[in-house]
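Naming convention: chains lettered A, B, ... in sequence-line order (proteins, then strands); numbering from 1 in each chain.
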Amino acid sequence: MAEIPECDFKKIEEKWVGKFAASKKSDSPDKFYLLEMFPYPSGALHMGHMRNYSIGDTYKRFLEMKEKSVIYPMGYDAFGLPAENAAIKSGIHPKKWTMKNIEKMMSQQKKMGLSYQWDRLVITCEKEYYKWNQWFFLKMYERGIAYKKDAPINWCPGCQTVLANEQVVAGKCWRCNSTVEIKHLKQWFFKITAYAEELLADLEKLDWPEKVKIQQRNWIGKSEGVRIKFSVEGERVLEVFTTRPDTLWGATYMAISPHHPEIGNLAGSKIGEVEKLRRLAVSQNPEEKEKFGVELDKKAVNPATGEKIPIYAANFVLMEYGTGAIMCVPAHDKRDFEFAKKYKIPIRVVINPPGKNLDEKKMENAYTEEGILKNSGNFSGMPSGKAKREIARFLEQKGTGKTEINWHLRDWLVSRQRYWGTPIPIVNCPRCGLVAVNERNLPVELPENVKFTGKGNPLAEAEEFVNTKCPKCGGPAKRETDTLDTFVDSSWYFLRYLDSKNDSAPFSSEIANRLMPVDQYIGGIEHATMHLIYARFFTKVLRDLGLVKTDEPFKKLLCQGMVLKDGAKMSKSLGNVVSVNEILDKFGADTARLFILFAAPPERDLEWNAESVRGCHRFLKKIWNLAHHAFSTQPVAGISEEEKKELHFVTAKTIRNVENDLARFEFNTAISAIQEFTNFIQGLFGKHGNFDGFREAMKTAIKLLYPAAPFITSELSEKFSISLKTFPEYRKEVLESHEKEIIIQVNGKLRGKLKIKPGTSEDEVFRKAIEIETVRKFAGEKIRKKIYVPNKILNIVTGG
RNA sequence: GGGGGAGUGUCGGAACUGGUAUACGAAGCGGACUUAAAAUCCGCUGCCCGAAAGGGAUUGAGGGUUCGAAUCCCUCCUCCCCCA
């Protein structure tokens, strides 16, 4: 027998990396847009990326074998804080840092064998890209979708800078530990709320995991209720929003945000305490912290009962939600109940559970369900549902309320007081106010010569950037120094991929209409709300601008699970990180990809296991060796008719299973099917040596394995002239005509097995079954019933 | 607090719409090859009773529906994730 060369993974991978990276676009008319969430260029791929891309590339190669024209791009989400932090820390310019990181990550991606269409590359920090962010901003500004308003921000007095929510840890700055203050600044917003209804309704159209849709529904948070006016002593009015107007008679106090504009008029002698409360309320989670309140001097009037009720300034009422004031019904709301107990406010039951009578003196918890009204004037005795409508009508007639739809979704705050982002193309003119930069003067370039001190926004200090002329009057004016949230960049990158070199438009509408939507999007669940809502919103805005026709950017979504080590998420602090480079160097890309796909189904978390990785490596070597056995000698031995039939059947079954599994992203079972098939071939080879049909079987195995392990299979295909262009096919008849195994049960317990020709009658199956000794023993004399599922199972039920 | 998901051998996991529970891989044990080891190949391997043939129980716990339940329904326990 000929000597089998050792499988040199390193050499094979080096040879094929270049060829994969240069992969050509197919011209099949059957397009498929396959997209992976592009990474932030932090400097190195982690296992999460590796998993994401292994899934994507395997699916891409499978689709190509099924003769689809696949669009498979890659890019980098290159603006963002880490680059700026690196600049503050080590003095490297964010651009240099970012571009170097991109280079490193790209080389890792190539090493993994990912066959991206690199000519589509998008890097969001390049002016060729962010120019169009600015262009969209101007279009949105024209239409009132981009606007500026006062908003609270987290301000660190130590760093003299604005902090994102995640940079505030327990009320302190993450970097310098100063106590964070709430400041009010003029901020830019995108009016995403104008699309709330459509964003909610169109979820129906999407083939997304139900849990992501639920998260989005909650995030959008549509609630129908009533806006009610409570009059206050001194002829002022406080408005509240409630989804439970049926509990109005039970409202025994009100609570308002310490930031409420009316607070000064209501607090009276308590203003000092309110100030204290405001400071306390800084950037902490309202749900987690203890509830505090200050009773104000003025009292409100419950419009239903006419009673005077106290008003509290409370730290759990947010100005950003509803009206910044709420009516409190302690008997029927958990939070109101706790607060009322703490401050000894009366509790009054106005809703009874059906068939029960609650007693406020004995209640230990609020009753928050709906029920039957009591103590509610004319509405007593009504069920909650009806009472909600009737009370709303009653208030409308009285002029003290109106029905309203409220949203949890807020407008998207896009201002960042940061350098490393897209400059907002607006000029502040002392005479003309806010003026848009002229479209033909885009891009407003980010100046490179700035200082990174960690204090304030470097852009605001860049004199030659800030000082400009007003586009309207030509007088001296100052540029906007806020930059755009990086979620703007990721809201349309998938459109730029389709036409990445276009310098006269963000993309060609003709191309976008032909290739959108993305047929399959793959990424992490952590983007279930933010990114995936912003991108949907952006697509709808672009549609309304006439740039695309599609309503939704991502038709199908796959959210992959996390990669764990020792039961925990890989993280530096736990010291359980497995490095991508190490794994690629030690075992090679094929092994790494195969393990990632094999160890767990994509949606589930994946436990990294070094031993199991070795198993995948072993399997690849087995394929290599068997292929060489098959092709380096001539077939010498025939196999029996029986074995030949079985081989054909197993081959067909394997092709069918692998194809179905790959189409459904069930890579783990696809790979196990190939392994089973390989074991079967190996069994025949062990028995007969190079047998008739060995080569054909190995060809099939190699083709099936190609999407997941492209390097070794490409090498073998070249060596032994195997075409990897198309997916193997099988004949249905081979599967249908094969003999079936029937399970024989007695009273639901397995008592025997039977091989039959397909289509054997029930009577005959029964006759044969009863001949089996164990079956006869357990079935006994009295057979009560027979259940027969054709080609599958016969259950014999006995006794009385 | 709200929302979602998962509990199956020693481990990762399989079981299509209710029809052989534990495929495939790992680990373990035994054997072949070898001076030896690695690599490779072959075989065995969830639990209890039994020498064996065989039988019994078993999918986090308990109950239910069904000829038949890991899968459907109810109650409970544990773990994880996301959002706030």
So what does A/Tyr788 hit on the nucleic acid, given a heavy-atom distance under 4.0 Å: a base, only sugar-phosphate, or nothing? nothing

Quick one: A/Phe587 CZ to B/A26 P, roughly how many Å, whole number? 13 Å

A/His527 has an atom NE2; how far is it from atom C1' of B/C83, in whole Å? 14 Å

Whole Å only: how far is the CG atom of A/Leu750 from the C1' atom of B/G54? 13 Å

Output yes when at least one side-chain N/O atom of A/Arg410 is less than 4.0 Å from OP1 or OP2 of B/A84, else no. no

With sequence neighbours excluded, tell me which residues meet side-chain hydrogen bond (donor to acceptor under 3.5 Å, both in side chains) with A/Asp605. none

Quote, to the nearest angstrom, the P distance that separates B/U22 from B/G55. 15 Å

Do A/Arg604 and A/Gln560 have side-chain atoms, one donor and one acceptor, less than 3.5 Å apart? no

Between B/C42 atom P and A/Phe685 atom CZ, what is the distance in whole Å? 10 Å

Strictly by modelled atom types, are A/Lys222 and A/Asn406 linked by a side-chain donor-acceptor pair under 3.5 Å? no

Between A/Phe487, A/Tyr534, A/Trp412, which is the residue that forms a ring-ring contact (aromatic ring centres under 6.0 Å, His included) with A/Phe190? A/Trp412

Closest to side chain of A/Asn679, choosing from B/U40, B/G19, B/G25: B/G25

Mind calculating the distance between CG (A/Asp333) and C1' (B/G1) to the nearest angstrom? 12 Å

Whole angstrom is fine here: how far is it from CG in A/Asn218 over to C1' in B/G1? 13 Å

Is a salt bridge present between A/Arg614 and A/Glu611, judged by a nitrogen-to-oxygen distance below 4.0 Å? yes

Scan every strand shown for a Watson-Crick or G-U wobble partner of B/U78, both distances under 3.5 Å, and answer none if you come up empty. B/A6

From CZ of A/Arg618 over to C1' of B/G25, roughly how many Å is that when rounded to an integer? 9 Å

Pairwise C1' distance, B/G54 and B/A6 [rounded to whole Å]: 37 Å

For RNA chain B, what residues of residues 730-746 of chain A have any heavy atom nearer than 4.0 Å? A/Glu741, A/Ile743, A/Gln745

Using whole Å, what does the distance between atom P of nucleotide B/G18 and atom CG of A/Asn795 come to? 17 Å

Is the shortest distance from a Lys or Arg side-chain nitrogen in A/Glu659 or A/Lys66 to a carboxylate oxygen in the other one below 4.0 Å? yes

Given B/C42, is OP1 or OP2 found less than 4.0 Å from the side-chain N or O atoms of A/Gln682? yes

B/C24 pairs with, by Watson-Crick or G-U criteria that keep both distances under 3.5 Å: B/G12

Can you tell me which nucleotide in B/G19, B/G55, B/C41 comes closest to the side chain of A/Arg751? B/G55

With salt bridge (Lys or Arg N to Asp or Glu O under 4.0 Å) as the criterion, how do A/Glu643 and A/Lys687 come out once you've worked through the C-alpha distance, each side chain's angles and the decisive distance to 0.1 Å? CA-CA 11 Å; A/Glu643 283 171 323; A/Lys687 203 167 152 196; 2.7 Å; yes

In the strands shown, is B/U17 matched to any nucleotide by a Watson-Crick or G-U wobble pair with both distances under 3.5 Å, and which? none

Mind checking A/Asn625 for me? I need base, sugar-phosphate or nothing, with any heavy atom below 4.0 Å counting as a touch. nothing

Base paired to B/U58 (Watson-Crick or G-U; both N/O distances under 3.5 angstrom): none

Could you identify the nucleotide paired to B/G1, looking across every strand shown and requiring Watson-Crick or G-U wobble geometry with both distances under 3.5 Å? B/C83

Where the side chain of A/Met562 is concerned, which of B/A14, B/C83, B/C81 is the nearest nucleotide? B/C81

Need one value for A/Pro209: base, sugar-phosphate or nothing, where a base atom within 4.0 Å counts as base even if backbone is also close, heavy atoms only. nothing

To the side chain of A/Asn668, which of B/A14, B/C67, B/G12 is closest? B/A14

Side chain of A/Lys211 only, please: which of B/G4, B/A26, B/C80 is the nearest? B/G4

Counterpart base for B/G46, defined by Watson-Crick or G-U wobble contacts under 3.5 Å: none

Between A/Arg51 (side chain) and A/Ile596 (backbone), is there a donor-acceptor pair under 3.5 Å? no

Which nucleotide, B/G25, B/G13, B/G55, lies nearest any side-chain atom of A/Thr774? B/G55

A/Ser672 side chain: which of B/C83, B/C24, B/C11 is closest? B/C24

Closer than 4.0 Å, any side-chain N/O of A/Lys792 to the OP1 or OP2 of B/G19? no

Upstream residue (5' side of RNA chain B) when A/Ile214 and A/Lys749 are each assigned their closest nucleotide: A/Ile214

Determine, step by step, whether A/Phe691 and A/Phe685 satisfy the ring pair (Phe, Tyr, Trp, His ring centres under 6.0 Å) criterion, reporting the C-alpha distance in whole Å, the side-chain angles of both residues, the deciding distance to 0.1 Å, and the verdict. CA-CA 7 Å; A/Phe691 60 95; A/Phe685 171 66; 7.5 Å; no

Per nearest nucleotide of RNA chain B, the residue lying toward the 5' end, A/Met530 or A/Ile793, is A/Ile793

Under 3.5 Å, is there a donor-acceptor pair between the side chain of A/Arg217 and the main chain of A/Leu200? no

